[in-house]
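Have a look at the structure below before the remarks.
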Amino acid sequence: MDTITHTLFGLSLYGAFKNEKETKRYNRALLVSTIGASQIPDIDIVSRVWDTEGLYQMWHRGITHSVFLTPLWALTFFFLMWIFFRVKDRRLFYISWLAVLIHDTSDLFNAWGTGYLEPFSNTRITFGTIPIVDFVLWIIILAAFVISKRSTLPTQKIFRLAWLAMGLHVIIQSVYGFYIYSQYDGNYEEVALSAGFVPFNFTVIGKSEEIVDIIDTSFIKEDQILYHLRSSEGADLDLLFEKRPEAKTLYQWAPFVVVVDDENYLGLYDPRFYREGQSFLFEYIEKGG
């Protein structure tokens, strides 16, 4: 998910656990813990600073998003709250742990995926059933904030109901996404799914040998092939990997790629992000340059 969504998750957790009977110091520590722990796995963006080998694509959403690292992040915030707020409460550990788990697990559902099982597996797990920016989640959280300001219902109850609504949204959208995936799984050697911003709208990417189809699917209209691409599977990519290390990283990171080998370029791109004739994840070298 994007940074705004993770921040909203943190604020929603704060609303779900804040208790007016607690001290101001505790509630301040709770606020910092829920927001901070909801963001901490994305600390991997700093690896751009020392990345000289084009490995950032693998590092981002890699080990910092591992489910096995989540209790260590939670313990970090537990001690930080003890140091800066003088609050030593085991509830902050468990709530921080929950916040990190929500961050890492929610990232599994979009096309980017995470290294959820690192360091035991380098596989990027991605379901592709929820978009990176999901406006349905934003609307649910915004509604909870508005209702909490105008209603006499306890704030905790309102935000816990909001979490229930978000969970149901993810489940329903994902069940439908897996149904769409199963419809195409037997038609191609490899299939990937990418959710659109509109609910129940997906892009199916299927590859068989050198052919890649990008198909638009929706609950309210018939499926339509948007692009019919051809990958140069026999191209020698050694020179590309040598001159453009990011290309080798992308080749390893993506479920599958489209290889471009024409008179101008030697490169490859991730077809899941192919829009209007190009993918923003395209690594190449110019020929004759």
(request) Examine Tyr284 together with Phe282 and report whether their ring centres are nearer than 6.0 Å. (result) yes
(request) Would you please indicate if the ring centroids of Phe77 and Trp73 are separated by under 6.0 Å? (result) no
(request) Check whether any side-chain heavy atom of Ile205 lies under 4.5 Å from a side-chain heavy atom of Val212, and answer yes or no. (result) yes
(message) Assess the residue pair His103 and Phe9 against the criterion (side chain to side chain contact (heavy atoms under 4.5 Å, CB included)); give the C-alpha distance rounded to whole Å, side-chain angles, the decisive distance to 0.1 Å, and a yes or no.
(response) CA-CA 8 Å; His103 180 124; Phe9 282 167; over 6 Å; no
(request) State which residues pass side-chain contact (heavy atoms from CB on, under 4.5 Å) with Ala165; sequence neighbours excluded, sorted by chain then number. (result) Ile140
(request) Name all residues meeting the side-chain contact (heavy atoms from CB on, under 4.5 Å) criterion together with Val146; count only those two or more places apart in sequence or in a different chain, and write none if there are none. (result) Leu142, Arg150
(message) Both conditions, 6.0 Å and 45 degrees, for the charged tip of Arg272 above the ring of Trp253: are they met here?
(response) yes
(message) Looking at Gln156, is its backbone amide N or carbonyl O close enough to the side chain of Lys18 to form a donor-acceptor pair, meaning the two atoms are under 3.5 Å apart?
(response) no
(message) When you measure from the side chain of Ser182 to the backbone of Tyr179, do you find a donor-acceptor pair of N or O atoms at a distance under 3.5 Å?
(response) yes
(request) Check whether any side-chain N or O of Ser121 sits under 3.5 Å from a backbone N or O of Glu118 as a donor-acceptor pair, and report yes or no. (result) no
(request) Report yes if the side chains of Asp261 and Lys287 come closer than 4.5 Å at any heavy-atom pair, otherwise no. (result) yes
(message) What's the separation between atom CZ in Arg244 and atom CG in Leu239, rounded to the nearest 0.5 Å?
(response) 13.0 Å
(message) When you compare the side chain of Trp163 with that of Ser12, does any pair of heavy atoms fall below 4.5 Å?
(response) yes
(message) Test your reading of the model: is there a side-chain donor-acceptor pair from Ser96 to the backbone of Ala74, 3.5 Å cut-off?
(response) no
(message) A side-chain contact here means heavy atoms from C-beta on lying under 4.5 Å apart; do Trp82 and Leu92 qualify?
(response) no
(request) Side-chain contact test, heavy atoms from C-beta onward, threshold under 4.5 Å: evaluate it for Ile63 versus Pro119 and give yes or no. (result) yes
(message) With side chain to side chain contact (heavy atoms under 4.5 Å, CB included) as the test, pick out the partner of Leu268 among Val260, Leu281, Leu240.
(response) Leu240
(message) Check Asp213 with Lys207, please: is the shortest side-chain N to carboxylate O separation under 4.0 Å?
(response) no
(message) Phe159 and ring pair (Phe, Tyr, Trp, His ring centres under 6.0 Å): which single residue from Phe145, Phe17, Tyr14 fits?
(response) Phe145
(message) Is it the case that the side chain of Thr34 and the backbone of Leu30 share a donor-acceptor pair, with hydrogens and angles ignored and the cut-off at 3.5 Å?
(response) yes
(message) If I take atom OH from residue Tyr94 and atom CZ from residue Phe78, how far apart are they, to the nearest 0.5 angstrom?
(response) 9.5 Å
(request) Mind telling me whether Tyr274 and Tyr227 have parallel, tilted or perpendicular rings, with 30° and 60° as the class edges? (result) perpendicular
(message) Using only atom types and a distance under 3.5 Å, with no angle test, would you say the side chain of Ser208 pairs donor to acceptor with the backbone of Glu189?
(response) yes
(message) Would you say that Ile215 contacts Leu226 through its side chain, given a criterion of any heavy-atom pair below 4.5 Å between the two side chains?
(response) no
(message) Between Asp2 and Thr5, does the side-chain hydrogen bond (donor to acceptor under 3.5 Å, both in side chains) criterion hold? Intermediate values first, please.
(response) CA-CA 5 Å; Asp2 66 304; Thr5 302; 2.3 Å; yes
(message) To the closest 0.5 Å, what do you measure between CG (Leu137) and CD1 (Ile4)?
(response) 13.0 Å
(message) Within the structure provided, determine whether Asp223 and Asp216 are in side-chain contact (heavy-atom separation under 4.5 Å).
(response) no
(request) In plain terms, say whether Arg91 and Glu22 are close enough for a salt bridge, that is, a side-chain N and a carboxylate O under 4.0 Å apart. (result) yes
(request) Could you verify whether a donor N or O on one side chain and an acceptor N or O on the other, from Gln39 and Thr3, lie under 3.5 Å apart? (result) no
(request) Please determine if Arg124 forms a cation-pi arrangement with Tyr116, meaning its NZ or CZ atom is less than 6.0 Å from the six-membered ring centre and no more than 45° off the ring axis. (result) no
(request) Without swapping roles, check the side chain of Ser231 against the backbone of Val259 for a donor-acceptor pair under 3.5 Å. (result) yes
(request) Indicate yes or no: at least one non-hydrogen side-chain atom of Asn110 is less than 4.5 angstrom from one of Thr126. (result) no
(message) As an exercise, state the distance from CH2 of Trp112 to NE2 of His65, rounded to the nearest 0.5 Å.
(response) 11.5 Å
(message) So, taking the atom named CG in Asn201 and the one named CZ in Phe219, what distance separates them when rounded to the nearest 0.5 Å?
(response) 12.5 Å
(message) Using 0.5 Å steps for rounding, measure from the CZ atom of Phe109 to the CG atom of Leu193.
(response) 12.5 Å
(message) Has Thr64 got a side-chain atom pairing as donor or acceptor with Pro41's backbone, closer than 3.5 angstrom?
(response) yes
(message) Working note: Tyr176 + Thr129, criterion side chain to side chain contact (heavy atoms under 4.5 Å, CB included); need CA distance, chi angles, decisive distance, verdict.
(response) CA-CA 8 Å; Tyr176 182 69; Thr129 56; over 6 Å; no
